[in-house]
Amino acid sequence: MLTVMGATGNTGKKVVELLLEAGQDVLALGRSEERLGELAAKGAKVLAGDSEDSAYLTRAFRGAEAVYTLLPTDRESASYHEAQRRKGEAIVQALRDSGVRHVVALSSLGADLAECTGLLATLHAQEQRLRTLKDTHVLLLRPVSFFENFLDALPVIEHEGVNADSVTPDLALPMIASRDIAEVAARALVRRDWTGVVVRELLGPRDLSYREATRILGERLGRPGLDYVQLPPEAMQQALMQAGISETFAGLYVEMTQAFNTGRIQPRAGRTPDNTTPTRFEDFVATLR
C-alpha cells in the first residue's frame with residue numbers, strides 16, 4: 001500500500017492516478033469524502049479526514065510502504081504560519097508513530113532558507129521536522145512555481161484584459177507542470193531507492209518570464225498581445241485580499257515574490273539534466289479550454 005496526502009490537489013491527484021495506472025494499491029487522503037469519490041471510482045482506497053489530526057494520519061500511514069506528504073494550503077487562514085505548523089507537526093508525529101520507512105515530501109525551491117521568503121518559510125520548517133525522523137528515508141522534492149498558478153489569473157484576464165502580479169516582468173524563473181512533479185513522486189514511491197534524507201530540485205523545462213508566459217497564455221486564449229503588468233507590493237496584497245485571500249496569506253505571498261525578484265531564491269546547483277522536466281508551458285496551455 002502507498003498512501004498519498006492531498007489526493008484531490010494539483011500534485012496528489014496525479015500521483016494517485018499514476019500509481020493506479022502502474023497497478024499499485026493506493027490509499028488516497030483528503031478533506032472531502034465527496035471529492036475523493038472520483039479516485040475511489042478509479043480503484044483507490046480513500047480516507048477523509050483533517051490533516052491536523054495526527055491520529056487520523058497515523059491510521060492512514062500505518063502499514064504503508066511509502067507515503068507522499070505535503071502541507072495543504074489554506075489561502076483564507078488568518079494565521080498561516082501557525083496553521084502550517086500544526087499540520088506539519090501532525091504529519092511528522094504520524095510518520096513517527098506509524099513507523100513508515102520511506103517518505104516523499106513536497107517542498108519548494110527556497111526551502112533551504114529560514115526567513116524572508118514569505119510562504120516558503122513554512123516549508124523550511126517542515127523540512128527541518130522531517131529531518132528529525134529516525135530510521136526513515138525522506139526525499140524532499142523542491143519544485144518551483146506551478147504552471148497551474150496561472151489559472152488564478154484567468155478571471156483578471158477576462159475582466160481587466162491584462163495579467164497582473166508582483167513578479168518582475170522580464171525575470172526568467174523556473175516554472176513547472178504539476179504532472180511532472182507527480183511523475184517524479186510516483187516513481188520514487190514505487191522504487192524507494194534512496195537512503196537517508198535526499199533533496200531533489202525540479203525546475204521545469206526552462207526558465208520563463210511572466211511577460212513571456214502571459215504572451216503564450218494570451219495566444220491560447222485568443223488574446224494576442226496580452227500584456228503583463230507588475231503591481232507594487234502593496235497593490236498586489238490589496239488585490240489578493242479583494243479576491244478573498246486572507247491578509248496574512250496575501251502579505252506572505254508578496255514577500256515570496258520579492259524574494260524571487262531580488263534573486264534570494266535560487267537553485268542550489270543551477271539547471272541540470274536531472275532537475276529539468278519535460279512539459280513545456282506551451283504544452284500546458286494547449287490543454288486549456
Side-chain angles (χ1 to χ4, degrees), residues 1-17 19-20 25-108 111 119-133 136 138 140-141 146 148 178 181-182 185-186 189 244-250 252-253:
M1 178 68 69
L2 302 170
T3 299
V4 177
M5 288 190 67
T8 60
N10 276 328
T11 61
K13 183 177 180 181
K14 296 177 180 68
V15 170
V16 172
E17 291 172 342
L19 292 173
L20 291 174
D25 291 328
V26 184
L27 176 59
L29 308 184
R31 286 174 288 188
S32 168
E33 188 169 349
E34 181 179 356
R35 292 185 63 194
L36 288 167
E38 179 183 345
L39 295 173
K42 293 181 178 181
K45 297 179 177 65
V46 300
L47 184 64
D50 185 346
S51 57
E52 293 185 21
D53 183 349
S54 62
Y56 154 70
L57 292 174
T58 300
R59 182 157 57 100
F61 295 167
R62 184 166 287 128
E65 295 293 331
V67 174
Y68 177 70
T69 73
L70 48 73
L71 291 179
T73 300
D74 182 359
R75 297 182 179 188
E76 299 178 4
S77 173
S79 182
Y80 185 75
H81 280 322
E82 176 62 21
Q84 297 302 86
R85 180 192 63 78
R86 292 195 300 269
K87 294 171 189 173
E89 289 179 350
I91 290 168
V92 172
Q93 186 62 51
L95 290 170
R96 185 176 288 116
D97 291 346
S98 62
V100 173
R101 291 292 172 259
H102 283 86
V103 178
V104 178
L106 180 63
S107 187
S108 173
L119 298 171
L120 305 182
T122 61
L123 296 174
H124 172 83
Q126 183 64 356
E127 286 194 5
Q128 298 306 112
R129 293 185 196 99
L130 289 165
R131 290 176 183 274
T132 68
L133 292 169
T136 305
V138 180
L140 300 170
L141 298 182
F146 290 13
E148 284 79 0
S178 62
I181 303 168
L189 290 167
I245 291 172
S246 74
E247 181 178 1
T248 301
F249 188 98
L252 291 170
Y253 175 86

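Residues take their numbers from the sequence shown, with the count starting at 1.
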Heavy-atom count around Glu33 CD within 6.0 Å, excluding the residue itself: above 12?
no
Atom CD of residue position Glu247 - does it have more than 12 heavy atoms of other residues, nucleotides or ligands inside 6.0 Å?
no
Can a donor-acceptor pair be found, under 3.5 Å and without considering hydrogens, that links the side chain of Ser246 to the backbone of Ser77?
yes
For Leu106 and Thr11: C-alpha separation, side-chain torsions, deciding distance, then whether side-chain contact (heavy atoms from CB on, under 4.5 Å) applies.
CA-CA 9 Å; Leu106 180 63; Thr11 61; 3.8 Å; yes
Minimum heavy-atom separation for Tyr80 and Leu119, please, with both atom names.
CE2-CD2, 3.7 Å
With rounding to the nearest 0.5 angstrom, report the OG1 to CD distance, Thr8 to Glu34.
11.0 Å
For a quick test of reading the model, state the closest non-hydrogen atom pair linking Ala105 to Leu130 and the distance between them.
CB-CD1, 3.6 Å
Inspect the contact between Arg86 and Glu52 and indicate whether a charged nitrogen and a carboxylate oxygen are less than 4.0 angstrom apart.
yes
Atom of Val16, atom of Ala7 and distance for their closest heavy-atom approach
CG2-CB, 3.9 Å
Backbone N/O of Arg35 and side chain of Ser32: donor-acceptor pair under 3.5 Å
yes
State, to 0.1 Å, how close Phe146 and Ile181 come at their nearest heavy-atom pair, and which atoms those are.
CE1-CD1, 3.3 Å
Quick one: do Thr58 and Arg96 satisfy side-chain hydrogen bond (donor to acceptor under 3.5 Å, both in side chains)? Show the steps, please.
CA-CA 8 Å; Thr58 300; Arg96 185 176 288 116; over 6 Å; no
For the pair Leu133 and Val92, evaluate side-chain contact (heavy atoms from CB on, under 4.5 Å) and give the outcome as yes or no after the intermediate values.
CA-CA 8 Å; Leu133 292 169; Val92 172; 3.8 Å; yes
Hey, does the side chain of Arg101 reach the backbone of Gly99 with a donor-acceptor pair shorter than 3.5 angstrom?
yes
Do you know which two heavy atoms are closest between Leu140 and Val138, and how far apart they sit?
CD2-CG1, 3.7 Å
How far does OG of Ser79 sit from CG of Asp74, to the nearest 0.5 angstrom?
11.0 Å
Show the atom names and distances, to 0.1 Å, of all donor-acceptor pairs under 3.5 Å that link a side chain in residues 36-48 to residues at least two apart or in another chain.
| residue | atom | partner | partner atom | Å |
| --- | --- | --- | --- | --- |
| Glu38 | OE1 | Lys13 | NZ | 3.2 |
| Glu38 | OE2 | Lys13 | NZ | 3.1 |
| Lys42 | NZ | Glu17 | OE2 | 2.7 |

For the atom pair OG (Ser108) and CG (Leu141), what is the distance rounded to the nearest 0.5 Å?
11.0 Å
Quick one: are Gln93 and Arg129 in side-chain contact, heavy atoms under 4.5 Å?
no
Return yes when atom CZ of Arg75 has more than 12 non-hydrogen atoms of other residues, nucleotides or ligands closer than 6.0 Å, and no otherwise.
no
Worked check of side-chain contact (heavy atoms from CB on, under 4.5 Å) between Phe61 and Leu27
CA-CA 9 Å; Phe61 295 167; Leu27 176 59; over 6 Å; no
Just so I know, are the side chains of Leu95 and Val103 near enough to count as touching, which here means a heavy-atom distance under 4.5 Å?
yes
Check whether Thr122 reaches the backbone of Gln84 with its side chain - one donor and one acceptor, N or O, closer than 3.5 Å.
no
Do the side chain of Lys14 and the main chain of Asn10 share a donor and acceptor less than 3.5 angstrom apart?
yes
Distance-only polar pair, side chains of Tyr56 and Ser51, donor-acceptor under 3.5 Å
no
Does any non-hydrogen side-chain atom of Leu19 lie less than 4.5 Å from one of Tyr68?
no
Indicate yes or no: at least one non-hydrogen side-chain atom of Val4 is less than 4.5 angstrom from one of Val26.
yes
For the pair Asp25 and Leu2, evaluate side-chain contact (heavy atoms from CB on, under 4.5 Å) and give the outcome as yes or no after the intermediate values.
CA-CA 6 Å; Asp25 291 328; Leu2 302 170; over 6 Å; no
CG/Leu120 to CD/Gln126 distance, rounded to the nearest 0.5 angstrom?
14.0 Å
Of the non-hydrogen atoms in His102 and Val100, which two are nearest, and what is the gap between them?
O-CG1, 3.3 Å
Taking atom CG of Leu57 and atom CG of Asp97, what is their separation to the nearest 0.5 Å?
10.5 Å
